[in-house]
Amino acid sequence: MSSPCLTEVFQTLRTAFGPQRWWPAETPEEVVIGALLTQNTAWSNVEKAIANLRCARLLELEKIAGLEPETLEELIRPSGYFRQKSRRLKNLAATITAAGGLEQLASLSTRKLRQWLLERNGVGPETADSILLYAFERPVFVIDAYTLRICQRHNWLAQDAGYAEAQARFHRELKKDAALFNEYHALLVRTGKDYCRPHRPACRECPLGRFTPHPGSE
DNA sequence: CCCCAGGCGTCCA
DNA sequence: TGGACGCATGGG
């Protein structure tokens with residue numbers, strides 16, 4: 001079993017953990033902001049930054065686009081890399097606002113929209129796909145460090161598999177359903193946080209234990 | 001003290 | 001084209 005059925009994996013996680021209710025945001029604009037701020041950063045730190053923005057009534061792209069860079073830096077400081085992220089978030093907010101907001105961008109095809117997002121400074125594949133899935137509800141599977149680590153550790157993917165390869169596997173094998181992709185990715189993050197840490201053996205109670213191939217069980 | 005977190009851009013061989 | 005490196009805070 002070097003290639004388990006990904007639908008079966010989903011059912012197992014869904015039964016083990018229940019619904020995850022992602023993305024933890026109240027509006028699509030908040031998803032965009034959170035997606036940028038959470039890059040290589042613990043979500044607990046992003047929450048502090050989001051709280052600062054909410055408290056200042058600045059949790060909107062149009063308002064962020066008009067802030068002084070130093071002002072934004074201080075608000076998002078807890079989320080780390082605050083100078084980079086301040087510049088990138090302001091640029092992204094200004095570009096989206098200039099384009100007429102998320103509602104206007106929603107008229108683009110998923111392919112065009114992904115391309116448009118990837119052209120923004122500071123927006124790579126995971127950030128773009130997170131925005132596509134969780135802000136625009138497009139059926140695009142998000143690959144993150146947890147997803148890659150889980151798939152590699154269980155030998156569902158080659159050890160050197162990258163973003164595109166992992167995403168292709170999920171797209172090939174699953175029905176293109178935004179609600180499914182939403183829940184699936186959230187469940188993989190949950191699983192990774194609890195059971196698939198780097199440099200730590202797989203935890204015994206990991207619900208995915210039975211999907212791990214044993215030596216000689218080819 | 002250490003390592004890690006829901007990445008990305010740049011630089012250099 | 002691919003591997004190192006910088007970016008920064010906060011928690012375990």
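Proteins come first, then strands; the chains are lettered A, B, ... in the order of their sequence lines, and each starts at number 1. Everything numeric here is computed off the predicted structure, so don't read it as measured data.
- Residue-level contact check: A:H185 touches neither bases nor backbone, having no heavy atom under 4.0 Å from any strand.
- With rounding to the nearest 0.5 angstrom, the CD atom of A:E73 is 11.5 Å from the NZ atom of A:K90.
- The separation between A:N91 atom CG and B:dG9 atom P is 12 Å, rounded to whole Å.
- Taking a cutoff of 4.0 Å between a charged side-chain nitrogen and a carboxylate oxygen, A:R210 and A:E8 qualify as a salt bridge.
- For the pair A:L72 CG and C:dA8 P, the computed distance is 13 Å after rounding to whole Å.
- Within residues 79-88 of chain A, the residues approached by DNA chain C to less than 4.0 Å at the level of any non-hydrogen atom are A:G80, A:Y81, A:F82, A:R83, A:Q84, in residue-number order.
- A:V142 comes within contact range of no nucleotide atom at all, as no heavy-atom separation falls under 4.0 Å.
- DNA chain C is contacted by A:N40, A:N45, A:K48 of residues 29-54 of chain A, taking any non-hydrogen atom closer than 4.0 Å.
- Closest approach of A:A135 and A:V32 over heavy atoms only: CB-CG2, 4.5 Å.
- Considering CD1 of A:I76 and CG of A:L58, their distance stands at 12.0 Å, rounded to 0.5 Å.
- Listed by chain and number, the residues in a ring pair (Phe, Tyr, Trp, His ring centres under 6.0 Å) with A:W116 amount to none (sequence neighbours excluded).
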Would A:N182 and A:E137 count as a side chain to side chain donor-acceptor pair (under 3.5 Å) if you check the C-alpha gap in whole Å, the side-chain angles of each, and the deciding distance to 0.1 Å? CA-CA 8 Å; A:N182 177 325; A:E137 298 179 28; over 6 Å; no

Could you list the donor-acceptor pairs under 3.5 angstrom formed between side-chain atoms of residues 91-98 of chain A and any protein atom two or more places apart in sequence or on another chain?
{"from": "A:N91", "atom 1": "ND2", "to": "A:R87", "atom 2": "O", "distance (Å)": "3.3"}
{"from": "A:T95", "atom 1": "OG1", "to": "A:N91", "atom 2": "O", "distance (Å)": "2.7"}
{"from": "A:T97", "atom 1": "OG1", "to": "A:A93", "atom 2": "O", "distance (Å)": "2.7"}

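- We find the CD-OH distance between A:E165 and A:Y163 to be 13.5 Å, quoted to the nearest 0.5 Å.
- Checked options A:L6, A:I143, A:L174; the residue passing with A:R169 is A:L6 (criterion: side chain to side chain contact (heavy atoms under 4.5 Å, CB included)).
- For the pair A:L118 CG and B:dG9 C1', the computed distance is 13 Å after rounding to whole Å.
- Note: CG (A:L89) to C1' (B:dG7) measures 15 Å, nearest angstrom.
- For A:E74, the salt bridge (Lys or Arg N to Asp or Glu O under 4.0 Å) test picks out A:R77, with sequence neighbours left out.
- Along DNA chain B, the nucleotide nearest to A:P198 and the one nearest to A:R120 differ in position, and the one closer to the 5' end is contacted by A:P198.
- Here, B:dC1 and C:dC7 have their C1' atoms 22 Å apart, quoted to the whole Å.
- Rounded to whole Å, the distance from NZ on A:K193 to C1' on C:dG12 is 14 Å.
- Using a 4.0 Å cutoff on non-hydrogen atoms, no part of residues 174-183 of chain A comes near DNA chain B.
- For A:H199 and B:dA5, the NE2 to C1' distance is 14 Å, given to the nearest whole Å.
- A straight line from CG of A:L148 to P of B:dG7 spans 11 Å, rounded to a whole angstrom.
- Just one of A:E47, A:E30, A:E60 meets the salt bridge (charged side-chain N to carboxylate O under 4.0 Å, His left out) condition when paired with A:R54; it is A:E30.
- Here A:H171 and A:F181 bring their ring centres to under 6.0 angstrom of each other.
- Distance, A:E126 CD to B:dG9 P: 12 Å, rounded to whole Å.
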